[in-house]
Structures are given as C-alpha cells and as structure tokens.
Amino acid sequence: MKIATFNVNGVRSRLDHLLSWLEREAPDIACLQELKSTDAAFPVGAINEAGYGALWAGQSSWNGVAILAKGVDPVESRRGLPGNPKDTQSRYLEAAAHGVIVGCLYLPNGNPQPGPKFDYKLDWFERFLRHAATLMKSGHPVVLAGDYNVVPTDEDIYDPKGWRRDALLQPESREAYARLLAQGWTDALREMHPDERIYTFWDYFRQHWPRDRGLRIDHLLLSKDLAARLKDANVDRWVRDLPKASDHAPTWVELTSPKARKVAKRG
DNA sequence: ATGGCAAGTGTAACTTGA
C-alpha cells in the first residue's frame, strides 16, 4: 500500500498535474496541502472520475488540506486540531481509509521570525504534538503526512548557512520536530535512506530546481506498527520537473500488507 | 539585508509562501 503527501500549491491551477500523478503513481491514499481553494471550488468531480474518494477542508486564497483514497470514501475522524477554536486556518484533516488513520497536515511556515507568524507556528506545533501523542497512545495504525515546514537537520537542505535565519531551520522548530519523533514516530524517508540527501521542495528562485538545491520539509511519520511494515519511501521528482510545477514534489511510503491474523485450525 | 518566482484576488498591486 502506497501513502503519499503532495503540497500542490493551488489544487485548481495544479489539477492536470495532480490527475497525471494519480494515474501514473496510483497512491492508495494521498494527502494534499495548499489547496488555495474554497470548499465550493474544490475539483471533487475530476478527482472522483480519477477513481478517488475525497475529503477536503478548504479556505479562500490560502492553506487548505485534502485526503484522497483510491476506490473508497475516506471516513473523517477529525477536522482541525483540538486546543484552539479561534484558529480558523484550514491546516489539519484526519480520516480512516484502507485500514489506517491518516493525519494530513500543513504546518505553518512561520516566517518572518521572530514575530507573530513564528509564534503561531510554535503554538500550532504544540497543539499538534499533544494530538499526535493521543494518536500514538491509541494504538491505531497512524500516518502523519504533510508539509511540516521544518528542515529537521542540516543534512536535509543544500545550504544550511544560507537559510539559518529562516523559520524552517530555527532551533525551536527543530526541537519540536525532535520531540514528535521522541513520541515514537518513524520519519519514513530518513529511515529508508539514512545517509542520502533527499529533498521534497525546491523554491522557484535562482534555478534551484535545475541545480537540485532543495529542502526536505514534507514528511511521513509512521506509528510503530506501520513502521514495522515500511517497505520503501521516496520522492516523485518527475512531478517537480513538469512545466508550471508546484514547488513541492509528491513524497510517499510503501507499506507491506498487515500480517494475516492467525486463524485457529479446525479439527 | 534583499530579491529572485508563483498563486490568489481581482483586474493593479497587494499578500503569502518557504
């Protein structure tokens, strides 16, 4: 089973790319971020025609997350993080599909820092940490997939010095991510590729994509039982190479089938 | 320290992203 996350940077302007990617890679579950679309304008018809059920939490102009599931309708388990009813930004959606619970997140960017946007990022992160701990304790098979807007280590960026003041590399951001992993989550890409430089985002400036100057900020975190089923993880770089591409590439994990439960033999 | 590019809103020029 393949589970993917893709920051589309506008689901309507990227619809052709999204459909091409779904057709070619056929993920069983796909988490989308940065829809930049209202709920009413979300292209559910085209996604259904592509063979996917969908849940979405849109918002005018910015943010927005969606969960797609191949051949089934994902069953919503949560819309928005607990802990702050005043937060109206569409950044978290959670559902059950194909035997797993998937949390789709778009963690705030936080620039410029310091400032209110960075404060919001850290506050959102704390609420996410609390909810992630609850999910971990539940014992369910869970994947937390999305755009975390955190470069976990200096091995996850082409030039840490050039970005040292950026919100994505701040000690507070990295420490929060480390605390998340300390709950017992497995960073699937890093687990599969412990010594490789792997990027999921290349900004639009200074020809960073052709020069492969990227950042690893889109992550899939697996609960313990799912980590035991981890078979492969990687980045669909070809999508980033399309004309008018999103600045992120789809990132995915492949899991083996859950171990068949032993059935008592008759007789 | 700043800007480079892109998308949305809305139709000029801003806000935001990372």
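Remember, predicted model here, so these are calculated numbers, not experimental data. Protein chains get the first letters and strands the later ones, always in sequence-line order, with residue 1 at the start of each.
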Parallel under 30°, tilted from 30 to 60°, perpendicular over 60°: which one fits the rings of [X] and [Y]?
X: A:W209; Y: A:W202; value: perpendicular
X: A:F128; Y: A:W124; value: parallel
X: A:Y148; Y: A:Y177; value: perpendicular

Whole angstroms only, please: what is the [atom1]-[atom2] distance between [X] and [N]?
X: A:H248; N: B:dT16; atom1: NE2; atom2: C1'; result: 12 Å
X: A:E34; N: B:dG8; atom1: CD; atom2: C1'; result: 11 Å
X: A:L15; N: B:dG8; atom1: CG; atom2: C1'; result: 16 Å
X: A:L18; N: B:dA7; atom1: CG; atom2: P; result: 15 Å
X: A:R164; N: B:dA1; atom1: CZ; atom2: P; result: 9 Å
X: A:D203; N: B:dA6; atom1: CG; atom2: P; result: 11 Å
X: A:L35; N: B:dT16; atom1: CG; atom2: C1'; result: 15 Å
X: A:D166; N: B:dT2; atom1: CG; atom2: P; result: 14 Å

Please measure how far the [atom1] atom in [N] lies from the corresponding atom in [M], and state the result in whole Å.
N: B:dA6; M: B:dG10; atom1: P; answer: 22 Å
N: B:dG3; M: B:dT16; atom1: C1'; answer: 15 Å
N: B:dA1; M: B:dC5; atom1: P; answer: 22 Å
N: B:dG17; M: B:dG4; atom1: C1'; answer: 13 Å

Mind checking if [X] touches a base, just sugar-phosphate, or nothing, with heavy atoms under 4.0 Å?
X: A:Y148; value: nothing
X: A:N111; value: base
X: A:R91; value: sugar-phosphate
X: A:D247; value: nothing
X: A:H208; value: nothing
X: A:N7; value: sugar-phosphate

Could you pull out the protein-nucleic contacts involving nucleotides 11-15 of chain B (nitrogen or oxygen on both sides, under 3.5 Å)?
none

Does [X] have a side-chain nitrogen or oxygen under 4.0 Å from the phosphate oxygens OP1 or OP2 of [N]?
X: A:K244; N: B:dA7; result: yes
X: A:R165; N: B:dA1; result: yes
X: A:S61; N: B:dA7; result: no
X: A:S60; N: B:dT9; result: yes

Are the side chain of [X] and the backbone of [Y] linked by a donor-acceptor contact shorter than 3.5 Å?
X: A:R190; Y: A:H193; result: yes
X: A:E94; Y: A:E76; result: no
X: A:H219; Y: A:L189; result: no

Pick the closest DNA chain B nucleotide for A:N9 and for A:R206 by heavy atoms, then say which residue is nearer the 5' end. A:R206
Of A:Q89 and A:K36, the one whose closest DNA chain B nucleotide lies more 5': A:K36
Hydrophobic cluster identity match, A:Y120 and A:L168, side-chain contacts under 4.5 Å: no
Enclosure of A:R164 CZ (heavy-atom neighbours >12, cutoff 6.0 Å): no
In terms of side-chain geometry, is the basic nitrogen of A:D187 or A:R216 positioned less than 4.0 Å from the acidic oxygen of its partner? yes
Stacking check: are the rings of A:Y204 and B:dA6 less than 5.5 Å apart at their centres and under 30 degrees in tilt? no
